[in-house]
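Working notes, structure below.
Quick note on labels: first sequence line is chain A, next is B, and so on, each numbered from 1.
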Amino acid sequence: MLDARFVRENVQVVRDALRRRGYEIELGGFVSLEEQRRAIIREVENLRNRRNVVSDEIGRLKKGGGDASGLIAEMKSVSERIKALDEDLKDVDARIREFLLNLPNIPHESVPEGRDESDNPEVRRWGEPREFGFEPLNHWDIAESLDIVDFDRASKIAGARFSLMKGEGARLERALMNFMLDMNTSKGYKEVFPPILVNRESMTATGQLPKFAPDLFRTADPELYLIPTAEVPVTNIHREEILRESDLPIYYTAYTPCFRREAGSYGKDTRGLIRQHQFNKVELVKFVRPEDSYDELEGLTRDAEEILQRLGLHYRVVVLCTGDLGFSAAKTYDIEVWLPGQGRYREISSCSNFEDYQARRADIRFRREEKKGTDFVHTLNGSGLAIGRTVVAILENYQQEDGSVVIPEALRPYMGVEVIR
RNA sequence: GGAGAGGUGGCCGAGUGGUUUAAGGCGGCGGUCUCGAAAACCGUUGUGGGGGCGACUCCACCGGGGGUUCGAAUCCCCCCCUCUCCGCCA
């Protein structure tokens with residue numbers, strides 16, 4: 001969420017910034033709500049001050065045996081007026097908050113201008129696409145012939161966009177989870193295993209609610225939400241906390257299943273493991289000082305890239321343009337792995353700096369050593385990595401002409417086998 | 001699911017209708033003393049918001065939300081969370 005005072009005082013700046021992302025937003029109504037809010041506060045606080053002073057007076061009068069009935073009558077009407085103003089204030093506050101919750105973050109100045117995915121500039125690439133002496137297969141053909149993923153039975157059990165991993169497939173999923181967590185913890189990320197059902201407050205804090213409710217799975221009673229990413233519970237670890245400057249930066253890594261409705265993506269990636277309602281992911285989350293957050297974004301992205309490097313998977317890094325940037329993010333790098341079966345790069349990690357946008361919604365602050373008051377932290381997160389898509393990448397990049405799949409060197413201690421055949 | 005106990009400032013802990021503008025202690029910070037330190041003593045100590053150029057001033061916050069009252073940390077109602085016991089359960 002953006003700072004109300006900042007928006008009010010920089011209407012032009014905010015409108016232009018949001019236009020760069022493709023949002024046309026009228027801010028006049030907001031500014032007048034803010035004026036209303038302050039007018040109500042001025043009046044109600046004056047009345048409260050009067051009530052405090054007079055109530056004290058009434059107490060003294062009564063103690064001394066005096067007559068306070070006139071003052072009591074006056075205060076009765078003052079209290080009624082306060083009550084009415086409080087109602088108005090609550091209403092105005094709610095409207096202000098709703099407006100702000102639906103405003104996206106402002107892109108960082110280094111984010112390139114663009115309309116959509118096709119305008120995302122490539123920043124760098126690592127490795128080379130492997131040369132095949134045969135026609136490489138799609139991962140779902142590889143997986144089904146090796147009998148390590150069963151899509152038909154998964155759809156019997158749960159429906160479309162679910163998968164049943166079997167044998168070495170299930171083992172591969174588990175091996176990747178452990179490999180990634182071990183790499184991340186060795187770099188100083190603290191491993192956590194959070195709840196995967198969360199409450200509405202947590203979903204609001206990271207920006208999924210209220211705007212993206214249709215993308216989420218929700219339980220009926222009690223009302224809880226299945227997390228679409230570990231970003232949600234892990235960022236909420238420090239919701240409504242004031243951290244010490246010396247605690248920062250804080251790094252977490254978490255493995256969780258993730259759940260997404262994928263509403264509006266009918267017909268996209270209907271085959272295979274790319275787009276599932278349930279998938280596994282290892283996430284990286286950082287809480288940092290504002291002045292460090294862009295260096296920390298570079299570091300976070302490199303940490304995610306290193307996992308692909310250790311797995312020997314060719315990839316490229318793109319920076320999301322203004323039109324493709326996620327709602328809460330100020331800047332995002334996507335890491336796209338090369339998939340020879342599809343002949344294209346696919347997103348396998350998305351690393352973002354949210355600046356203070358989530359911290360303000362979640363009320364995560366820190367106290368500086370040499371300064372009074374508090375500042376909002378900056379939050380960042382990125383996949384390190386999406387496990388299902390890593391399985392896809394390994395199957396497609398390490399396939400052999402005979403249909404077997406070689407296990408990357410770094411993963412063998414976790415897999416126990418060198419080849420799936 | 002049932003019964004009970006509890007939730008007060010960074011921490012501990014008093015406070016059951018009006019000098020509590022939340023006692024007292026611990027911790028933190030500053031100072032006095034000291035060669036230096038400890039001890040002792042003195043002072044200070046949160047968050048958010050409104051108004052003012054400013055010294056400053058006002059309002060709110062005792063788990064959350066309602067209510068009673070001129071006035072609520074304190075009384076009433078609902079909810080959340082923690083702990084103990086019982087039941088159930090991986």
Side-chain angles (χ1 to χ4, degrees), chain A residues 1-9 30-101 193-205 209 219-225 233 236-248 250 257 356-377:
Chain A
M1 162 165 74
L2 301 180
D3 179 33
R5 189 184 308 160
F6 176 81
V7 176
R8 171 176 98 209
E9 289 169 1
F30 168 78
V31 170
S32 88
L33 277 176
E34 272 283 302
E35 278 162 13
Q36 276 182 53
R37 173 175 169 272
R38 280 179 298 158
I40 295 169
I41 285 173
R42 273 194 296 273
E43 186 179 352
V44 80
E45 289 194 348
N46 282 334
L47 292 173
R48 260 198 254 275
N49 180 239
R50 169 95 182 128
R51 185 176 72 183
N52 288 345
V53 170
V54 175
S55 289
D56 235 42
E57 176 75 23
I58 291 170
R60 275 197 299 275
L61 270 174
K62 286 200 153 183
K63 198 160 268 180
D67 175 28
S69 56
L71 290 176
I72 288 175
E74 186 200 340
M75 285 309 100
K76 209 176 174 87
S77 74
V78 167
S79 281
E80 274 164 18
R81 178 66 182 151
I82 289 172
K83 201 168 171 178
L85 287 169
D86 272 341
E87 295 287 319
D88 294 348
L89 183 59
K90 216 159 141 186
D91 181 58
V92 169
D93 274 341
R95 289 162 67 189
I96 288 171
R97 182 171 164 78
E98 196 200 333
F99 180 81
L100 289 174
L101 285 177
F193 188 55
I196 59 178
L197 284 168
V198 303
N199 57 32
R200 175 194 292 269
E201 289 71 26
S202 292
M203 282 294 184
T204 304
L209 288 178
T219 65
D221 186 20
E223 181 194 305
L224 290 169
Y225 296 84
N236 274 279
I237 288 173
H238 295 298
R239 174 153 55 89
E240 290 153 43
E241 289 185 13
I242 300 174
L243 305 167
R244 285 188 306 233
E245 185 172 16
S246 59
D247 293 337
L248 301 176
I250 297 172
D356 63 6
Y357 186 89
Q358 292 181 327
R360 185 171 277 112
R361 292 169 86 110
D363 193 18
I364 306 170
R365 292 170 286 162
F366 74 106
R367 214 184 302 280
R368 290 189 187 270
E369 267 140 39
E370 299 296 331
K371 184 176 158 250
K372 63 175 163 48
T374 58
D375 288 334
F376 289 107
V377 301

Rounded to whole angstrom, note down the C1' distance from B:rA55 over to B:rA38. 40 Å
Quote, to the nearest angstrom, the C1' distance that separates B:rU19 from B:rG31. 31 Å
Rounded off to whole Å, could you give me the CG-to-P distance for the A:Asn52 and B:rU20 pair? 16 Å
Please compare A:Arg48 and A:Asp56 by the position of their nearest nucleotide in RNA chain B and report the one closer to 5'. A:Asp56
Is there a Watson-Crick or G-U wobble partner for B:rU68 with both distances under 3.5 Å, and which nucleotide is it? none
Say we look at B:rG67 and B:rA72: how far apart would their P atoms be, to the nearest angstrom? 12 Å
Would you find more than 12 non-hydrogen atoms of other residues, nucleotides or ligands less than 6.0 Å from A:Glu223 atom CD? yes
N/O-N/O pairs, protein side and nucleotides 45-56 of chain B side, under 3.5 Å:
| from | atom 1 | to | atom 2 | distance (Å) |
| --- | --- | --- | --- | --- |
| B:rG46 | O3' | A:Arg367 | NH1 | 3.4 |
| B:rU47 | OP1 | A:Arg367 | NH1 | 3.1 |
| B:rU47 | O3' | A:Arg365 | NH1 | 2.7 |
| B:rU47 | O2' | A:Arg365 | NH1 | 3.4 |
| B:rG48 | OP1 | A:Arg365 | NH1 | 3.3 |
| B:rG48 | OP1 | A:Thr374 | OG1 | 2.7 |
| B:rG49 | N2 | A:Glu45 | OE1 | 3.0 |
| B:rG49 | N2 | A:Glu45 | OE2 | 3.4 |
| B:rG51 | OP1 | A:Arg42 | NH1 | 3.0 |

Please state the P separation for the pair B:rU20 and B:rU16 - nearest whole angstrom. 13 Å
Apply side chain to side chain contact (heavy atoms under 4.5 Å, CB included) to the pair A:Glu34 and A:Arg5, showing each step before the final yes or no. CA-CA 9 Å; A:Glu34 272 283 302; A:Arg5 189 184 308 160; 5.9 Å; no
Using a 4.0 Å cut-off on heavy atoms, which residues in residues 81-100 of chain A reach RNA chain B? List them by number, or say none. A:Lys83, A:Lys90
For A:Arg368, I'd like to know if atom CZ has over 12 heavy atoms of other residues, nucleotides or ligands within 6.0 Å. yes
Under 4.0 angstrom between A:Ser79 side-chain N/O and B:rG71 OP1 or OP2: yes
Distance check, P atoms only: B:rG36 and B:rG15, in whole angstrom units. 45 Å
Base, sugar-phosphate alone, or nothing: which one does A:Arg51 contact when heavy atoms must sit under 4.0 Å apart? sugar-phosphate
P atom, B:rC29 versus B:rA22: distance in rounded Å? 25 Å
Between protein and nucleotides 73-79 of chain B, map the contacts as a letter string: B base, S sugar-phosphate only, - none, heavy atoms under 4.0 Å, written 5' to 3'. -------
Distance check, P atoms only: B:rG51 and B:rU68, in whole angstrom units. 30 Å
Distance check, C1' atoms only: B:rG10 and B:rG46, in whole angstrom units. 9 Å
Answer for the Watson-Crick or wobble partner of B:rG46, both distances under 3.5 Å, is B:rC61
Just checking, is any N or O donor in the side chain of A:Arg239 or A:Ser202 under 3.5 Å from an acceptor N or O on the other one? yes
